[in-house]
Each structure stands twice: as C-alpha cells, then as structure tokens.
> 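This is the structure, below, for whatever I ask next.
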Amino acid sequence: ISPSPAPAPSLSLPETLRQTTIALERLTPYLPPGLLPRLLARLSSVEGEQGARVAEYDSGEHRLVAILFANFVGASDLVERLGPGREADIARALNDYFVVMDEIVERYGGVVNKIDLNDRGDKLMALFGAPVAHEDDAERAVRAALDMQRALEEHCTWAQQRIGVSTGMVFAGHVGGAMRREYTVMGDEVNLAARLMSAAQAGEVLLAGYVQRKVRAFFEVADRGEVRLKGKSKPVPTFTIVGRRAQPEPVRGIRGLRST
C-alpha cells in the first residue's frame, strides 16, 4: 500500500497575498474596468455551516445606465471566405474589430459587457453607467457609437454595423451560480436597445426618445419616425444621429433662445 501523500503545507500570509494578487492580475483583462474594486468593496465574508469562510455578494442595484447594442455583420462570411488553413488570419481580423471597439468604448468610460456570435448576427453590448457612473453617460454612449461606425469604415472594411442606444433605470448586479457568476444588466431598456439595433440600417445609430432629449444639444438629430418593435404594444419614437453640432446648444434654459 503506497503511503498517502503528505498534505500540502499551508501558505504564509505574505505568500497567500502574493498568489492572490497574481490571480487577480490574470483576471483583470476579462473584467470590465472599475468592476474589480467594486467586487472587493462589496465582498463580505460570513461563517458557513462548517465554519468555513464563504464569499457572498450583494444582490445588485437599480441604476441609470446607457446601453449600446452593436450588430456587426460579416464575421461568418469572413470565416467561410478564408476557410481552413487561414485560422490565424481569421483570428487577427476578428481581434482587430474587438480591440478597436473595446478601445473606443473604454475611451468614453464604458465597458463591453457581452459579445455574442451566432448565425442571426454577431453583436456586442456596451454599458455606460455600470459599474461606474458619469453625469453624461447617454452622451458618452452616442459619441462612442459614432466613433465605432467611423472606425469600422477605417479598420474593418469586411464588416457592416448598426447600433441602437437606449438609457434608463436597469437592474445591475452579479448573477449566476456557484461555479460561474457575471456582472450584467437586465431590464426593459436593455431590450429596447437591442430592438433599436435590429431596426437600424447598416451604418446607422438609432436612438430612443429619452436618449435624443439628453444629447440633442450636442448632435444633429433627425426624427426617424415611429417603428414597431418586438415586445412593444405601441410604436416607439426613434431618432437617428445626423452628425455632431459645430456649436453645442445650451443644455439649460429654453431651447433655441439665446441672449444677445
């Protein structure tokens, strides 16, 4: 009978902290900016039934968030066109898209929360206001959307993209099971942003009415009319961005009235 392996020696506190730091550094690229400090701040330790320490997260919160959905078309065609033997080229092209879009979203203080690749159209969801809020998150989302459309034309000529933006109160928090959890948002405004994305034309940024009211001082906005969206009993007013204003309008007071 072979002897039982000796139990692993317990680590000293400094070594435990060092290994924990290394693990967190490895996780950082997979977490939205600003999320890790919130995780650590909200993490509380409670005694389990067997006396073990158990990590417990807050259930979440409702907060004002601007949601951007981008549908990019061309990834599946790219894979089919290049075919076997060109895997490195496929990965490089896809990574070029994601890196560029992630850099733009991060530049405006947002985070890319989800990326879905499927046969109905590949898409990403970006959040502005969760986990870190800004006073002008709706404006940041629209500026990011315009930069994303321009960057696509410059760096990813193989793809087309349409974007929908909405903003409102949503649930934001950690969801999942014991083995896997993720930080995400849920609510009607999330669904609305996804529906706006689906209704947008290629190269277009389509806005919900509340977003339009928040950003019209900074952008030329055109009424796109009411559209029927899945999940909505009534037609929804929509607006599209024409371009940036050369001179932003006052954000307070009566619109169109200027002092002389």
> Could you pull out the closest heavy-atom pair between Gly203 and Gln149, with the gap in Å?
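In this case the closest contact between Gly203 and Gln149 is C-NE2, 3.1 Å.
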> When you measure from the side chain of Asn71 to the backbone of Gln161, do you find a donor-acceptor pair of N or O atoms at a distance under 3.5 Å?
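No, the answer is negative, given that no donor and acceptor are paired below the 3.5 Å cut-off.
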> Say whether Val99 and Val112 are linked into one hydrophobic cluster, either directly or through other cluster members, by side-chain heavy-atom distances under 4.5 angstrom.
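No: no chain of side-chain contacts under 4.5 Å links Val99 to Val112.
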> Less than 4.5 Å apart, side chain to side chain, heavy atoms only: is that true for Thr184 and Lys114?
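Yes. Closest side-chain heavy atoms under 4.5 Å.
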> At their closest point, which heavy atom of Ala75 faces which heavy atom of Asp122, and how far apart are they?
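In terms of heavy atoms, the two residues are closest at CB-OD2, 3.0 Å.
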> According to a hydrophobic-cluster definition based on side-chain heavy atoms being under 4.5 Å apart (Ile, Leu, Val, Met, Phe, Trp, Tyr only), do Ile90 and Phe72 belong together?
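Yes; tracing contacts between hydrophobic side chains, which count when under 4.5 Å, links both residues.
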> Please tell me whether Val165 and Phe239 are part of a single hydrophobic cluster in this structure, the criterion being side-chain heavy atoms less than 4.5 Å apart.
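Both belong to a single hydrophobic cluster.
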> Examine distances only and state if a side-chain atom of Ser166 and a backbone atom of Ile67 form a donor-acceptor pair shorter than 3.5 Å.
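Not at all, since once roles are kept as given, no pair shorter than 3.5 Å links the two residues.
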> State whether the side chain of Ser198 and the backbone N or O of Ala194 hold a donor-acceptor pair below 3.5 Å, judged by distance alone.
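A pair under 3.5 Å: yes.
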> Salt bridge check, Asp136 against Arg140: does any charged N sit closer than 4.0 Å to a carboxylate O?
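Salt bridge: yes.
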> Answer yes if Leu229 and Tyr210 sit in the same cluster of Ile, Leu, Val, Met, Phe, Trp and Tyr residues linked by side chain heavy atoms under 4.5 Å apart, and no otherwise.
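No, because Leu229 and Tyr210 fall into different hydrophobic clusters, even though each may have its own neighbours under 4.5 Å.
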> Between Val142 and Phe219, is there a side-chain heavy-atom distance shorter than 4.5 Å?
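SC-SC contact between Phe219 and Val142 confirmed.
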> Under the side chain to side chain contact (heavy atoms under 4.5 Å, CB included) rule, collect the residues that match up with Asp89, sequence neighbours excluded.
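With neighbours one apart ignored, the set is Leu82, Arg86, Arg92.
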> Taking the side chain as every heavy atom from C-beta outward, state whether Leu94 and Trp158 have any pair of such atoms under 4.5 Å apart.
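Yes - at least one pair of side-chain heavy atoms lies under 4.5 Å apart.
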> Of all heavy-atom pairs between His134 and Gly109, which one has the smallest distance, and what is that distance?
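Reported closest heavy-atom pair: CE1-O, 3.4 Å.
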> Any donor and acceptor pair, going by atom type alone, linking the side chain of Glu87 with main-chain N or O of Gly85 inside 3.5 Å?
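Indeed, once roles are kept as given, a pair shorter than 3.5 Å links the two residues.
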> When rounded to the nearest 0.5 angstrom, what is the spacing between CG in Leu196 and CD in Glu189?
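Interatomic distance, Leu196 CG to Glu189 CD, rounded to 0.5 Å: 9.0 Å.
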> Grab the two heavy atoms, one from Ala246 and one from Pro248, that are nearest each other, plus how far apart they are.
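Looks like O-CD, 4.0 Å.
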> Should the heavy atoms of other residues, nucleotides or ligands under 6.0 Å from CD of Glu80 be counted, would the total exceed 12?
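Result for CD/Glu80: open.
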> What's the separation between atom CG in Leu127 and atom CG in Asn113, rounded to the nearest 0.5 Å?
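Output value for this atom pair is 4.5 Å.
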> With distance as the sole criterion, is a donor-acceptor pair present between the side chains of Asp137 and Tyr108 under 3.5 Å?
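Looking only at side-chain atoms, Tyr108 and Asp137 do not form any donor-acceptor pair under 3.5 Å.
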> Can you list the steps and then say if Val105 with Phe128 is a side-chain contact (heavy atoms from CB on, under 4.5 Å)?
CA-CA 9 Å; Val105 170; Phe128 299 80; 4.0 Å; yes
> Would Gln247 and Arg245 count as a side-chain contact (heavy atoms from CB on, under 4.5 Å) if you check the C-alpha gap in whole Å, the side-chain angles of each, and the deciding distance to 0.1 Å?
CA-CA 5 Å; Gln247 180 65 42; Arg245 292 187 183 276; 5.9 Å; no
> I need the Ile241 CD1 to Phe218 CZ distance, nearest 0.5 Å.
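One gets 11.5 Å once the value is rounded to the nearest 0.5 Å.
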> For Thr167, which of Leu207, Leu64, Val215 qualifies under side chain to side chain contact (heavy atoms under 4.5 Å, CB included)?
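Running side chain to side chain contact (heavy atoms under 4.5 Å, CB included) over Leu207, Leu64, Val215 with Thr167 returns exactly one hit, Leu64.
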> When rounded to the nearest 0.5 angstrom, what is the spacing between OH in Tyr97 and CD1 in Ile115?
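Answer for the OH-CD1 pair, Tyr97 versus Ile115, is 8.0 Å.
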> How close do Tyr183 and Ala130 get, heavy atom to heavy atom, and via which atoms?
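Heavy-atom minimum between the residues: OH-CB, 3.5 Å.
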> Scan residues 192-214 for pairs that pass salt bridge (Lys or Arg N to Asp or Glu O under 4.0 Å), counting only residues two or more places apart or in two chains.
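Counting only pairs at least two positions apart or across chains, the salt bridge (Lys or Arg N to Asp or Glu O under 4.0 Å) contacts touching residues 192-214 are Glu204-Arg224.
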> Could you walk me through whether Met186 and Val175 pass side-chain contact (heavy atoms from CB on, under 4.5 Å), step by step?
CA-CA 10 Å; Met186 301 177 184; Val175 297; 3.9 Å; yes
> Identify whether Leu192 and Ile163 are in the same connected component of the hydrophobic contact network (ILVMFWY, side-chain heavy atoms under 4.5 Å).
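In one cluster: no.
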> Would you confirm whether Thr238, through its side chain, and Ala208, through its main-chain N or O, come within 3.5 Å as a donor-acceptor pair?
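Side chain of Thr238 to backbone of Ala208, a donor-acceptor pair under 3.5 Å: no, none is there.
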> Start with the C-alpha gap between Leu152 and Arg150, add the side-chain angles, then the distance that decides, and say whether side-chain contact (heavy atoms from CB on, under 4.5 Å) holds.
CA-CA 5 Å; Leu152 191 77; Arg150 184 171 61 250; over 6 Å; no
> Output the distance between atom CE (Met148) and atom CD (Glu153), rounded to the nearest 0.5 Å.
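Rounded to the nearest 0.5 Å, the CE-CD separation comes to 13.0 Å.
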> Would Glu139 and Arg143 count as a salt bridge (Lys or Arg N to Asp or Glu O under 4.0 Å) here? Give the steps.
CA-CA 6 Å; Glu139 179 189 346; Arg143 291 190 183 279; 2.8 Å; yes
> Just by modelled atom types, is the Ala91 backbone N or O under 3.5 Å from a matching donor or acceptor in the Asn95 side chain?
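The answer is yes, because a donor-acceptor pair under 3.5 Å joins these two groups.
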> Nearest 0.5 angstrom please: Glu220 CD to Thr240 OG1, how far?
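Answer rounded to 0.5 Å: 12.5 Å.
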> Among Val185, Leu68, Val111, which one satisfies side chain to side chain contact (heavy atoms under 4.5 Å, CB included) with Met125?
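For Met125, the side chain to side chain contact (heavy atoms under 4.5 Å, CB included) check succeeds only for Val185.
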> Listed by chain and number, what are the side chain to side chain contact (heavy atoms under 4.5 Å, CB included) partners of His155, not counting sequence neighbours?
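Partners of His155 by the side chain to side chain contact (heavy atoms under 4.5 Å, CB included) criterion, ordered by chain and then number, come out as Val100, Ala151.
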> Please determine whether salt bridge (Lys or Arg N to Asp or Glu O under 4.0 Å) holds for the pair Arg244 and Asp147, giving the CA-CA distance in whole Å, both sets of side-chain angles, and the decisive distance to 0.1 Å.
CA-CA 11 Å; Arg244 293 177 171 85; Asp147 285 2; 3.0 Å; yes
> So, the side chain of Arg162 versus the backbone of Val73: is there a donor-acceptor pair under 3.5 Å, distance only?
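The answer is no, because no donor-acceptor pair under 3.5 Å joins these two groups.
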> Using every non-hydrogen atom in the two residues, find where Lys123 and Met197 come nearest and quote the distance to one decimal.
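Looking at all heavy atoms of both residues, the shortest contact is CD-CE, 3.9 Å.
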